[in-house]
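In each ligand, atom 1 is the first atom listed, and ligand 1 is the first ligand listed.
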Amino acid sequence: MSKKIQAIRGMNDILPSQSPVWQYLEGTVAELLAAYGYGEIRMPIVEPTNLFKRSIGEVTDIVEKEMYTFDDRNGDSLTLRPEGTAGCVRACEEHGLLYNQTQRVWYTGPMFRYERPQKGRYRQFYQIGVETFGIATPDIDAEVILLTARLWQQLGLSDSVTLQLNSLGSNEARAHYRQALVDYLTANKELLDEDSLRRLDSNPLRVLDSKNPAMQEMLAGAPSLFDYLDDDSREHFEQLRRILDAAGVQYEINPRLVRGLDYYCKTVFEWVTDELGAQGTVCAGGRYDGLVEQLGGKATPAVGFAMGVERLILLLESLQRVPAEVYQAVDVYVCAVGDNTDIAAMLLSDHVRNEQNWLRVQTHCGGGSFKSQMKKADKSGARFALLLGEDEVAQQLVSVKDLRGELEQVQMPQQNVAAWLAQYIN
Ligand code: ATP
Ligand code: MG
């Protein structure tokens, strides 16, 4: 026998037993975003490598060591998208969606990063992303934060996530800060790890983003970006805070929150949880006013965020916040025992689907004894089993059994059963 081929490390199958939770989450988000007037956009999974180098930044974890990059048969360098913002900007720009107008869009799909796989960190993972374009005022920063807060509420996660907020200021403010930070880090050079030493010259802000526990104490003493903010960024941040306060959304200001990508300015935020160990950020984003221009478009203010779908699902499951009915795939299971009853079962199943098109009806296939069919009915999770024997078929009747044990078994004309079931299943 030849050796079995297995999935690539860090790339997961999502099985039928798991996908109901995915659909529940994705469905909840889709409805929520529709309620805010956001439109869905779908981009390719593969983009030119330069798109990511130019947007995310050359000196970032993603571009330095996490991208799946390859040459296609034509010799062009392509990359499996590590995130969605760059592709979304490219697509909107390419199709003229950013020209003298505002846009609010969202997307979902797989992203790819060559990271060390562990709980909540994979090489193919899914994000739900939201991007807005053309609005420079802090009301839109507030809107994208408020809509995530509403999502946590709908998912029952409000008590398990906290909002961290910071402002990165303007490019000029960051340049001033950069010098102060470099001075501080240089004075503490002996405490820097290899990555950080390299970044001291190329991208010192990124050092603040380090997850190395040995550096945390030293980093806690670093000068605060907050003290270097320009007036415009400060007022922008204050107005954002006023809206969040008025809406009753709580937050912590974290002056060391800088985010792992180069393109952010002004507002940055993360929603974090204590429930998932080191992989605690479930949603992250901010303002990136410079990116559209950086990618060759006309200067366009923008705000967005991305949620990690696997992390949210881990959170929903570990806190048992998924409603029980989400896991239920079938409402009614149709069994048939006796000569030619299988045909009647097929027709009855379709009759029920025709009459009550939201009922989920599974027809038993493959024959077998009454007892074995009832076992399958029970395992299907259905609330009711419909039973057809030769007598029932001859008289156009059906017996209905409550598999969850509340009602007596009843017999009724087949034509009544759909309406009868609909009374009990919602
Ligand atoms: P982290 O600090 O955990 O590496 P990040 O800053 O690299 O996250 P972003 O690029 O901001 O992450 O992506 C947004 C969200 O996508 C993250 O907050 C997280 O929920 C999720 N995410 C990022 N990388 C992964 C991954 N490798 N596996 C699963 N989810 C991920
Ligand atoms: Mg990362």
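- When heavy-atom distances to ligand 1 are checked against a 4.0 Å cut-off, Val282 comes that close only through its backbone atoms N, CA, C and O.
- The proximity of Glu270 to ligand 1, defined as any non-hydrogen pair under 4.0 Å, does not occur for either the backbone or the side chain.
- Near Gln127, the atoms of ligand 1 lying under 4.0 angstrom from a non-hydrogen atom of the residue are 13 (O), 14 (C), 15 (C), 16 (O).
- In this structure, Tyr288 and Phe133 have perpendicular ring planes: the angle between them is above 60°, well past the 30° mark.
- Two residues are said to be in side-chain contact when any heavy atoms from C-beta on lie closer than 4.5 Å; Leu240 and Leu165 meet this criterion.
- Of the heavy atoms in Glu115, only side-chain atoms (C-beta onward) come closer than 4.0 Å to ligand 1.
- Tested against Asp61 for a salt bridge (Lys or Arg N to Asp or Glu O under 4.0 Å), the candidates Arg199, Arg206, Arg116 yield a single pass: Arg199.
- In Met111, neither the side chain nor the backbone holds a heavy atom less than 4.0 Å from any atom of ligand 1.
- A donor-acceptor pair shorter than 3.5 Å can be found between the side chains of Asp193 and Ser196.
- Counting heavy atoms only, Arg113 comes closest to atom 10 (O) of ligand 1 of the residues Arg311, Arg113, Gln279.
- By the criterion of a heavy-atom distance under 4.0 Å, neither the backbone nor the side chain of Glu83 is placed next to ligand 1.
- Remark: the backbone N or O of Gln279 is not paired with any side-chain donor or acceptor of Arg121 at under 3.5 angstrom.
- Heavy-atom contacts from other residues, nucleotides or ligands closer than 6.0 Å to CG of Leu15 number more than 12.
- Distances from atom 22 (N) of ligand 1 to the heavy atoms of Tyr122, Tyr126, Phe125 show the closest one on Phe125.
- Note that CD of Gln164 and CD of Glu252 are 5.5 Å apart. Values are rounded to the nearest 0.5 Å.
- Distances from atom 2 (O) of ligand 1 to the heavy atoms of Arg121, Lys211, Arg123 put Lys211 nearest.
- The residue from Met307, Glu66, Arg259 that puts a heavy atom closest to atom 9 (P) of ligand 1 is Arg259.
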